[in-house]
Number of protein chains: 2
Amino acid sequence: MSTVSKEDYLRVIYKNLEDGILVNASLIAEQLQISNAAVSEMLRKLSNEKYLSYVPYRGIQLLQKGKIEAVKLVRRHRIWETFLYEVIKVPWYKIDEEAENLEHSSSDDLIDRLEGFMNNPEFDPHGHPIPRKNGFVPKQKKLVKLSEFKVNKSGFVRKVNDQSSELLHHLFEIGLTIGKKFSVIEKRNFDNSMVIEIENRNHTVSEKLAQNVFAEILR
Amino acid sequence: MSTVSKEDYLRVIYKNLEDGILVNASLIAEQLQISNAAVSEMLRKLSNEKYLSYVPYRGIQLLQKGKIEAVKLVRRHRIWETFLYEVIKVPWYKIDEEAENLEHSSSDDLIDRLEGFMNNPEFDPHGHPIPRKNGFVPKQKKLVKLSEFKVNKSGFVRKVNDQSSELLHHLFEIGLTIGKKFSVIEKRNFDNSMVIEIENRNHTVSEKLAQNVFAEILR
DNA sequence: AGATTGTTTTAGGAATACCTAAATTTAATA
DNA sequence: TATTAAATTTAGGTATTCCTAAAACAATCT
């Protein structure tokens, strides 16, 4: 049986794999804010129960059972996020936290109804694809990290990482949100920070920040 | 600290007290579907933590701390129920179960937003009052149990107990839902069952059922 | 290769919230 | 009042999920 706790592990694993990140025990410990020892134990359990395969130091892969479960969770999470944002008007940087709680407490039926209510959205407010009921994950255009944009290039924000609500809050403040157009004005070699223009205003962003924003290049 | 489990106890206690029912340990055990032993233990804890006062065989009373918590929970529960029913169109007899899960996983902020979205409803779809943010509970007109209606009397359904989703489903089937008008056509002395007319159709209802429906008498 | 650093596991515990079975206490009834 | 019935508690366990500290192991750097 899958519990709230196991669900958290599966979701975190899936989300990182989705971004092409190697998932090991300590990454999970850090993201879930629990001890390495606890993660080690839980990974053994999840592995015994055939949710995933785990080679220490080499990373985790989800097995069919785990993937199905994880996709379901991510679906729930993103449908709630979209709903909270689009329908209830919960601020952009708050929806992730709220959805994290709701995703464990709603029936499949309710999720399907919410989806229908919103007319089957494909992407959540952070630009992540919403898996469909049948497990299909909408494809996204190939995106480039903002940190990899060259000077004078422009683009549209299509996706942002939603790990930190403080980051999201800041993005919101400077207007760097989904769909917005921006241009790179300047790039500093010593720290890779850049100055970008959004809606006729210039903002300086750090490399760290720029690595969490994905955009479609405009040529 | 209050956990999901403690919240369940507090909600059940509050709901029964609200209906003027004496709440003892075995009632809770039955309604939460857990052993008497577990309830006994938990009541000791909740009592130590000043959520309630408990005199064995004499019943439970909520103390200030417990009442505040319970009212908050009931508020959450009923706001979710109303939302699911009115906005998402989840069937009447399914909302209670769904809300039971959601009530533990939503912030105060979200609850307030849902309330605002619906324009501050006073009663949930089963006719129960929705406590306001400040703890005030909307008053209801004095209601009479359907089982106490005499032959030839008519009334409007104003409240139904939502313990059993099967009961609700049945009420839904025969059209005995909030706001509906009915008349008592016949009453049988040997088992206290009655025949009532709803929307020009006659239905036989048991005493048990009639004890769970509350109505406003029409004179 | 050896030392250092980072990752993972083990050992031993704690908290929460359940369980069954048996004992005890109280209330209701004959 | 004595007995029976019902409600409650105790005793002894279990499962889950987390913890810290220490040990073991693997990868990387010099």
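Below, each value reflects all heavy atoms present in this structure, side chains not excepted, and no hydrogens, waters or symmetry copies. Each chain gets a letter, A, B and so on, in the order its sequence line appears, and its residues count up from 1.
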Sorted by chain and residue number, the ring pair (Phe, Tyr, Trp, His ring centres under 6.0 Å) partners of A/His126 (sequence neighbours excluded) come out as A/Trp92
Side-chain N,O (A/Lys45) to OP1/OP2 (D/dT17) below 4.0 Å = yes
From the list A/Glu115, A/Glu122, A/Glu103, salt bridge (charged side-chain N to carboxylate O under 4.0 Å, His left out) partner of A/Arg75 resolves to A/Glu115
Residue pairs passing the side chain to side chain donor-acceptor pair (under 3.5 Å) test with at least one member in residues 23-42 of chain A, sequence neighbours excluded, are A/Asn16-A/Gln31, A/Asn24-A/Ser26
List every contact pair, protein side and nucleotides 28-30 of chain C side both N or O, where the distance is under 3.5 Å.
none

Here the side chain to side chain donor-acceptor pair (under 3.5 Å) pairs for residues 59-72 of chain B, sequence neighbours left out, are B/Ser2-B/Glu69
B/Lys6 atom NZ is separated from C/dC18 atom P, nearest whole Å, by 11 Å
A/Glu41 CD to C/dT9 C1', in whole Å, measures 10 Å
From CG of A/Asn36 across to C1' of C/dG6 the rounded distance in Å is 10 Å
With sequence neighbours left out, the residues meeting salt bridge (charged side-chain N to carboxylate O under 4.0 Å, His left out) with B/Arg76 are B/Asp108
Can you tabulate the close N/O pairs, meaning under 3.5 Å, that link protein atoms to atoms of nucleotides 21-25 of chain C?
unit_1, atom_1, unit_2, atom_2, d
C/dT25, O2, B/Tyr57, OH, 2.8

Those residues at least two apart in sequence (or on a different chain) that pass ring pair (Phe, Tyr, Trp, His ring centres under 6.0 Å) with B/His170 are none
Result for 5'-nearest mapping on DNA chain D, choosing between A/Ser35 and A/Pro56, is A/Ser35
The nucleotide from C/dT9, D/dT17, C/dC18 with an atom nearest the side chain of B/Met42 is C/dC18
Sorted by chain and number, sequence neighbours left out, salt bridge (charged side-chain N to carboxylate O under 4.0 Å, His left out) with B/Glu18 holds for B/Arg78
Q | Side-chain N or O of B/Ser40 closer than 4.0 Å to phosphate OP1/OP2 of D/dT9 | A | yes
Quick note, side chain to side chain donor-acceptor pair (under 3.5 Å) partners involving residues 45-59 of chain B, not counting sequence neighbours, are B/Lys6-B/Glu49
task: Without swapping roles, check the side chain of B/Asn134 against the backbone of B/Phe136 for a donor-acceptor pair under 3.5 Å.
output: yes
For B/Asp19, the salt bridge (charged side-chain N to carboxylate O under 4.0 Å, His left out) test, sequence neighbours excluded, returns B/Lys159
Those residues at least two apart in sequence (or on a different chain) that pass salt bridge (charged side-chain N to carboxylate O under 4.0 Å, His left out) with B/Lys150 are none
A/Leu46 CG to D/dT16 P, in whole Å, measures 12 Å
Expected list for residues 8-34 of chain B near DNA chain D, using heavy atoms below 4.0 Å, is B/Asn24, B/Ala25, B/Ser26
Comparing A/Arg58 with B/Tyr54, nearest DNA chain D nucleotide closer to 5' gives the residue B/Tyr54
